[in-house]
Amino acid sequence: MRVFIAVAVSAAFIALVGALSAVAPRAQAPIYDLVITNGRIVDGTGSPWYRGDLAVRGDTIARIAPRIDAPAARVIDAGGKVVAPGFIDLHTHARRGIFQVPTADNYVRQGVTTLMEGPDGSSPLPIKPFLERLAATPVTPNFGLFVGQGSVRDEVIGPINRKATPDEIEKMRALVRQGMEDGAFGLSSGLFYVPGTFTPTAEVIELAKVAGRMGGIYISHMRDETSGVLDSVRETIEIGEKGGLPTQVTHHKVIGKANWGKSVETLKLIDEARRRGVDATIDQYPYTASSTSIQAALLPSWALEGGREAVLKRLQTPSMRAELRKETARIILEERGGGDPNNVQLARCDWDASLDGKRLGDVTKGRGLEPTVENAAETALWIVDKGGCAGIFHAIGEDDLQRILRHPATMIGSDGEIPIFGTANPHPRSYGTFVRVLGRYVRDLHVITLEDAVRKMSAFPAQRIGLADRGVLRQGMRADVAIFDPNTVRDLATFERPHQYAEGVTHVIVNGLVAFEDGKMTAARPGRILYGPARQP
Ligand SMILES: [Zn+2]
């Protein structure tokens with residue numbers, strides 16, 4: 001029988017018990033704050049699961065052993081379920097949501113205990129005020145940041161298509177250095193977006209060198225994930241190689257039917273780079289649709305130069321609007337549009353919430369137009385005119401998804417956000433990424449093993465950003481733990497009904513405190529700010 005004493009005891013009683021403990025160990029005060037018994041421990045390293053008990057003291061894993069009988073303030077019987085490290089998500093857009101929903105239910109209910117922000121070249125700048133605001137807000141998950149190359153360039157040059165002067169490059173280097181000293185884990189880029197798209201490779205390398213010298217990594221939403229995806233992977237590798245730092249293709253995918261299958265070649269490029277010593281890795285979300293703004297996805301980048309005023313001016317110039325309509329129609333046919341206006345879904349339109357969740361073809365019809373590609377392109381321009389929407393783009397092949405998932409250098413990252421439950425029609429990745437891998441791709445389709453999936457969600461991302469004390473279940477590590485039933489774990493969120501929480505995760509522990517159990521978030525807010533390797537306190 002296990003001992004369970006959670007009540008305060010008098011000093012005299014403790015002394016008495018101490019004296020008797022050799023003969024009456026059951027009456028001892030708790031040695032551990034929490035013991036998880038009867039677990040199948042998947043430790044994060046990729047090693048096969050093993051049976052064991054795990055004890056926590058404070059925020060730390062104090063012991064793992066076949067059986068732990070010492071008294072504990074709290075015992076959780078895992079009942080043969082999987083006990084894994086809390087999952088670490090290197091690519092999130094959680095920085096708005098974390099203040100509105102500090103419990104980050106959509107993530108924590110999947111077993112995610114650490115969120116990294118500042119991806120795609122977009123971060124707060126400077127990052128310090130954001131981190132201070134976060135430090136003053138009790139939140140559930142741990143939280144860290146990258147500094148964004150796009151934000152840095154926007155600050156120094158603006159959303160303009162031109163080369164930087166030597167003086168401007170110096171200013172940008174200083175901003176990256178500042179970001180690293182404030183606690184960033186590296187440099188992110190979004191070379192697909194404005195203003196990242198206006199950046200020559202050599203300029204990114206100059207900034208990557210700064211982050212690299214300070215111990216950071218480079219993580220990139222690449223310039224082109226469609227017909228130019230191979231060149232983009234080459235560029236990402238080159239930036240790592242010449243910048244002298246680890247480099248990561250983030251949310252790796254191949255967009256547009258005509259390009260499906262190219263992951264065979266992109267993965268070869270990664271393998272070749274790794275063979276010659278370039279530390280190149282990948283992350284991915286397990287869906288065949290992407291999500292970003294309608295304007296970034298369906299308009300060419302030249303149309304977006306100069307900010308909203310300039311974009312509206314172009315839309316109001318008839319000759320330019322005609323040219324844009326043609327280019328947008330081509331993008332719908334060959335790239336993000338997936339060849340059919342109804343492969344484009346509106347996720348969130350702040351100016352008309354009734355459009356949330358609707359398909360572009362249907363919206364076109366609703367405006368009294370035949371849902372042709374041409375007319376859908378016109379509707380897309382109308383949407384940008386009105387203020388833009390977030391969109392979902394069904395244009396990724398399942399074969400590429402599975403091939404990338406199987407690659408040993410691929411980890412899992414959601415690219416999601418913290419939605420307000422029931423509001424808008426966000427991509428389901430925010431609610432389902434991690435459990436979808438465990439349910440669909442491990443249990444149902446056998447694409448990867450359970451141990452490998454957990455590795456891709458814990459030890460691998462932890463090692464990537466240098467979190468030496470998280471991501472593995474081992475004595476001395478911080479106690480971030482997810483307990484789930486491998487037979488029932490699954491995602492329920494769909495593109496039609498995204499606001500549905502994960503199933504099958506029973507307990508989530510962050511820094512030693514239980515944050516989720518019995519289907520409910522607890523009152524605990526144990527999340528901490530995580531700082532990168534060059535932080536100057
Ligand atoms: Zn991205």
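Each ligand, and each atom within it, is numbered from 1 in the order the structure gives.
- Ring planes of His91 and His251: tilted class, angle from 30 to 60°.
- Of the possible donor and acceptor atoms, none in the side chain of Glu335 sits under 3.5 Å from a partner among the backbone N and O of Ile332.
- A side-chain donor-acceptor contact under 3.5 Å links Lys456 to the backbone of Leu405.
- Relative to the ring axis of Tyr287, Arg436 places its NZ or CZ within 45° and under 6.0 Å from the centre.
- Summarising the local packing, CZ of Arg96 is surrounded by 12 or fewer heavy atoms from other residues, nucleotides or ligands at distances under 6.0 Å.
- Less than 2.8 Å away from the Zn ion (ligand 1), the protein contributes these N/O/S atoms: Asp120 OD1, Asp120 OD2, His221 ND1, His251 NE2.
- Ring geometry for Phe143 against Phe130 counts as tilted: the plane angle lies between 30° and 60°, on a 0 to 90° scale.
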